[in-house]
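The figures that follow rest on heavy atoms only: side chains count, while hydrogens, waters and symmetry mates do not. This one's a predicted model, so the numbers in the text were calculated from it and none came from an experiment. A, B, ... follow the sequence lines: proteins, then strands. Residue 1 opens every chain.
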There are 2 protein chains.
Amino acid sequence: MNKLPIGGCLHCKAKSDIFDHLSEEELSRVESCRVSMHYRAGEIVFKQGSPCYDFVCITSGLVKLYIEGENDRRLIIGFVKPVDYIFVPGAYVDKRHHYTAVACEDTSACLVETEVLQNLVKTNPEFANSFIKKISSQAISLITQIASVTQKQIPGRMADTLIYLSTKVYNSNPFITSLSRQDLADLSGMTKESAIRVLKTFKDDELIVIRGDEIELLNIPMLETISRNG
Amino acid sequence: MNKLPIGGCLHCKAKSDIFDHLSEEELSRVESCRVSMHYRAGEIVFKQGSPCYDFVCITSGLVKLYIEGENDRRLIIGFVKPVDYIFVPGAYVDKRHHYTAVACEDTSACLVETEVLQNLVKTNPEFANSFIKKISSQAISLITQIASVTQKQIPGRMADTLIYLSTKVYNSNPFITSLSRQDLADLSGMTKESAIRVLKTFKDDELIVIRGDEIELLNIPMLETISRNG
DNA sequence: ATTATTTATTGATTTAAATCATCACTCTGA
DNA sequence: TCAGAGTGATGATTTAAATCAATAAATAAT
């Protein structure tokens with residue numbers, strides 16, 4: 001299950017900007033407690049409500065983060081892709097996970113004890129600064145999503161989802177995705193059936209085209225209009 | 001309009017834990033650029049989309065934070081009460097406000113340049129730590145609210161709102177509130193009419209009683225059950 | 001005191017979206 | 001090669017909640 005990545009933390013350093021400001025010594029502190037993990041598609045990385053001991057940094061694959069409701073509804077609040085770490089707000093508050101992380105594809109990750117990173121925050125001001133920047137960005141994402149999900153109706157929400165996937169997650173158009181219709185629904189705050197139906201209207205209106213795992217946005221300006229009008 | 005509070009930052013220090021770890025010198029740096037403001041009920045402190053120059057610390061009164069949608073819908077994402085500062089995620093990202101802050105009652109506040117606080121984060125590790133703790137808490141609040149608003153129906157959402165107001169904002173039961181029905185609706189992600197209707201059913205079922213500006217929760221366990229069942 | 005204006009309340013109607021039910025299709029493993 | 005599971009697709013029905021409409025109460029303004 002465990003597979004050590006080539007190059008260790010110095011390798012990651014080149015990619016995740018948050019580690020840019022760490023000294024060799026600090027990086028080796030991270031390295032020394034680092035645990036390398038591999039998750040298969042569908043496996044849980046951590047579960048909402050469980051105690052959090054580690055920060056998780058994704059080195060390959062893709063992870064979805066979702067809130068589990070009382071009934072078995074889910075709301076996907078974001079994705080984490082290489083090389084980035086999963087923000088764990090509970091690490092500083094109640095030592096609990098507030099959402100569940102699941103691998104969408106086969107995924108490799110490095111685990112680092114929360115205490116080690118928290119000490120780096122205290123000893124390295126630049127690191128602290130990057131850290132706050134990351135948290136702030138995630139807070140803004142949450143605000144954006146809460147606005148979309150609560151104030152728009154189904155077509156607007158799905159338009160938001162498609163634009164988000166293309167511009168923020170896959171950074172391409174068309175993009176190939178491993179997400180199911182249920183995932184698209186969970187990301188847009190609707191049922192699977194509603195997701196399928198609205199995607200069909202988008203296809204009929206030639207706003208998008210779907211070929212198997214590939215989604216192409218054909219008319220982004222119109223999708224943006226639909227997003228704006230809710 | 002401006003009214004200097006007695007005692008300056010040393011006074012605030014005693015109340016807002018985030019300033020606990022600042023030295024006299026650091027506090028005087030804050031003091032030197034501090035601007036004291038007063039807002040009347042209903043006045044805007046800052047508006048979504050506007051550039052952010054200052055951190056705002058509330059010294060008296062009450063401020064609501066809300067997201068403005070495309071139509072003129074609002075979603076209240078939280079309140080800030082004395083003595084606490086308003087978290088401004090854009091300060092570290094795009095220098096824009098991502099929600100609007102409005103005084104619910106007559107409110108006094110201290111404004112401090114974002115740069116000054118950001119420098120403190122860089123030079124004072126303990127301050128950085130408190131800062132991250134605050135941001136994390138707010139992120140958790142957002143997650144809690146997004147879960148409530150997207151996965152529960154009207155009675156569950158209103159139950160959440162009432163419990164939130166009693167336990168987190170007013171810290172009492174009964175509590176006296178200056179919030180309108182529209183505010184309660186904006187906080188629960190529903191229309192004013194729906195808010196009125198569900199409050200009426202709560203009154204009829206003797207879960208709550210409303211006397212003018214005062215709301216009393218009579219049956220908190222039942223409200224919690226309603227919250228849990230959505 | 002009286003009008004005007006906002007806020008609260010209630011009922012009737014419409015509508016968006018969930019739910020329910022069924023069927024097709026793909027993929028997996030026996 | 002075929003059962004069985006999971007996913008995708010559609011139609012019919014129900015339901016929650018918004019909208020629309022009208023009135024009442026409370027607050028502010030003259």
[X] has an atom [atom1]; how far is it from atom [atom2] of [N], in whole Å?
X: B/Leu199; N: C/dT7; atom1: CG; atom2: C1'; answer: 14 Å
X: B/Lys192; N: C/dT7; atom1: NZ; atom2: P; answer: 9 Å
X: A/Arg181; N: C/dA24; atom1: CZ; atom2: C1'; answer: 14 Å

Sugar-phosphate atoms are those with a prime plus P, OP1 and OP2; base atoms are the rest. Using that split, label each nucleotide of nucleotides 11-30 of chain D B, S or - for protein heavy atoms under 4.0 Å, 5' to 3'.
BB---SSSBB----------

Is [X] atom [atom1] crowded by more than 12 heavy atoms from other residues, nucleotides or ligands, each under 6.0 Å away?
X: A/Lys95; atom1: NZ; value: yes
X: B/Lys81; atom1: NZ; value: yes
X: A/Lys203; atom1: NZ; value: yes

Closer than 3.5 angstrom, by distance alone: can the side chain of B/Gln145 be matched with the main-chain N or O of B/Ile76 as a donor-acceptor pair?
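Yes: the side chain of B/Gln145 pairs with the backbone of B/Ile76.
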
Sequence neighbours left out, cut at 3.5 Å: what donor-acceptor pairs do the side chains of residues 100-107 of chain A make with other protein atoms?
| from | atom 1 | to | atom 2 | distance (Å) |
| --- | --- | --- | --- | --- |
| A/Thr100 | OG1 | A/Gln48 | N | 2.9 |
| A/Thr100 | OG1 | A/Glu68 | OE2 | 2.6 |
| A/Asp106 | OD1 | A/Ala41 | N | 3.1 |
| A/Thr107 | OG1 | A/Leu62 | N | 3.2 |
| A/Thr107 | OG1 | A/Leu62 | O | 3.2 |
| A/Thr107 | OG1 | A/Glu105 | O | 2.9 |

